[in-house]
Every structure is written in C-alpha cells, then in structure tokens.
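To start, the structure under review is shown below, and the notes come after it.
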Amino acid sequence: MRTLAIILMIILLLTTSTSAAYGPTTGTPETAEEPPTKNTARPCDDLATIYERISCRINLPETQEYNYLPEECRNIGGTTGDQCITRYKQLQSCFTTKDYDVQISCARKKLAWTTTTVKKEAAFCKTAENFATCKQVLIEKTYNLIKFRIYILEQHINDLYKEGNITEQQATKIITTLEITKQQFNQATTIPAKKAVLAAAQEALKKFKTEVQP
Amino acid sequence: MKLLALSIILLLLTGCTPTTEQNTITEPTTIKEKPILEENYYTSLEEAQRDLDALSTLET
C-alpha cells in the first residue's frame, strides 16, 4: 500500500514539473527567443529589396510602427535627405486619426498651406509680388501633399492587413507599388509625366481592389 | 492509508481543473469581416491629378 502511495506521489510530481516548463496560453516553451536582427535600431532598413523592406515594415510592432527609413528618402543624401525624413516624421503625426479628411487637413497645416486648394493658392501666386518664389513653394507643397495622399493609402492598406482583411502578400505588393510610384513621381520632370505616374498607380489600385473585394 | 487517500484527492483535483491550454483550443474562431474599402482613399489619386491640373495653370 505504501509503495502504491509513493508511486502516486511520483506521478503527481512529474505532472507538475512538466506543466511548469510551458507558457500559460500557447503551450510553447518560454525559452523561445526572437532571432537577432542586423540593425536593431531600424530592423527593416538593411534588407536587400524594397519588397522585403515593406514586408518587414508592415509587421513592425505598434510601438515601432514608423521605425523605418522612408523609401522615398532612401537614396537622397545630404540636407535634402534630412528634410525628406523630417517631412515624413511631421506627417506621420497626422496618422493619429483614421479619418481621411482630418489627415489631409492636418497635412495641409504641416506643409504650410494657407488655403484649401491648389487652385486658390495658384490664384494667390499670380497676384503675388514674388511670383517665381511663390510658384516654386506651391509646386513643392503640392508635390508633398500628393505624396502624402499616397502615404495615406499605404497606411490604410497596412490597417487592412493588420485587421486581417487582406494577406501579407497582398499588402506588401500594393504598398511596394505605391512606394515606387512616389519615386517615379519625383523622377518625372513634367506635369503630364507626373500625371501618367499617378494614373498607373490608380490602375494598380483598381486591380488590388478587385483582388481583395471581388 | 491516509497518504494514499490524500494522493488520490490531489490527483482528482488536478485532473478536474481545466488548463489554460484547453481553454485556448476550445475558443471559437472569430469570423473576419469583409474589408471596408472606403471610397475616398481610392479617389485620392484622382484628387492628386486634379491638383496637378491646377498647378499647370501657373505655367500659362
């Protein structure tokens, strides 16, 4: 009888020690560690392709959501590169809301718009004393607002992915296309050429829309 | 004998207590909602093109 009691005690002890080695919810060992990353400060920046970097960036934890070098600023050096990064940092603060109109309104303020439309700003420039400077500033502000519109789209797609409405592959593919759009937009030297870049992005977006919501 | 009785009670208690792991397995799967693709996000590129049109008025 005593032997039986001892055996039962041993079984009890074994059961307790086995369950203690596992986590409370997942059943996986607690000792599992994250794989080391090359750049711990900005983990996605060192990846070789834009697709890989976007794929990494959309999976960043919420606390590090914007902890990446913006693709548009990647190949720009010197002061212009720094200005590009600063602009992104300023505009990222407009993502505290999910409301599109509020985001645009916020960006206008950050980009120092005095009126609500390009048409009105252009009309103002036509009467301005220093037309050339006014025009140049307006061109810059307009281009930056257009690129912010694209960035809003990227964020919206990122949200769709995080909410589980689209796959990682779908999100990465379209965000990569939109990032390349911004680069091509910068490279295009005329307004018709820039419009053509935006039209191509619009087509890609239509295709994406059909894919995710047939 | 007392020790045996105590062991059996302890075993029964351990066996009857549901573990967290069991709860995780039996949790119902959440059905994902369809994507909400708000139209204004997709018309933003049209707005961008209109902005460029407005900008081109400065050229004339």
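Throughout, a chain's letter reflects where its sequence line sits, starting with A, and its residues are numbered from 1. Side-chain atoms are counted along with the backbone in the values below, which use heavy atoms only and exclude waters and symmetry mates.
When heavy atoms are compared at a cutoff of 4.5 Å, A/Gln103 approaches chain B solely by way of its side chain, counted from C-beta outward. When heavy atoms are compared at a cutoff of 4.5 Å, A/Ala123 does not approach chain B at all. Using a 4.5 Å cut-off between heavy atoms, A/Tyr161 does not touch chain B at all. When heavy atoms are compared at a cutoff of 4.5 Å, A/Ile104 does not approach chain B at all.
Atom CG of B/Leu55 is separated from atom NZ of A/Lys119 by 13.5 Å, given to the nearest 0.5 angstrom. With values rounded to the nearest 0.5 angstrom, B/Ser44 atom OG is found 10.5 Å from A/Phe148 atom CZ. Taking CG of B/Asp53 as the reference point, atom CD1 of A/Ile191 lies at 8.5 Å (rounded to 0.5 Å). Remark: A/Lys194 NZ to B/Asp51 CG distance equals 13.5 Å, nearest 0.5 Å. Rounding to the nearest 0.5 Å places CG of B/Leu58 at 6.0 Å from NZ of A/Lys126. Considering NZ of A/Lys195 and CZ of B/Arg50, their distance stands at 10.5 Å, rounded to 0.5 Å.
Inter-residue side-chain proximity for A/Val118 and B/Thr57 is flagged as unmet; no heavy-atom pair is nearer than 4.5 Å. B/Leu45 places none of its side-chain heavy atoms less than 4.5 Å from the side chain of A/Thr181.
Other residues, nucleotides and ligands place more than 12 heavy atoms under 6.0 Å from the OH atom of A/Tyr66. Residue-environment remark: NZ (A/Lys162) exceeds the threshold of 12 foreign heavy atoms within 6.0 Å. No more than 12 heavy atoms of other residues, nucleotides or ligands lie within 6.0 Å of CD in A/Gln169, so this atom counts as exposed by the packing criterion.
Here the closest heavy-atom approach between residue B/Ala54 and residue A/Ala122 is recorded as O-CB, 4.2 Å. Taking both residues in full, the closest heavy atoms of A/Leu198 and B/Ala48 are given as CD1-CB, 3.7 Å, listed atom of the first, atom of the second, then distance.
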Checking A/Tyr100 against B/Thr43 for the side-chain contact (heavy atoms from CB on, under 4.5 Å) test, could you report, in this order, the C-alpha distance in whole Å, the side-chain angles of both residues, the deciding distance, and whether it holds? CA-CA 11 Å; A/Tyr100 175 82; B/Thr43 54; over 6 Å; no
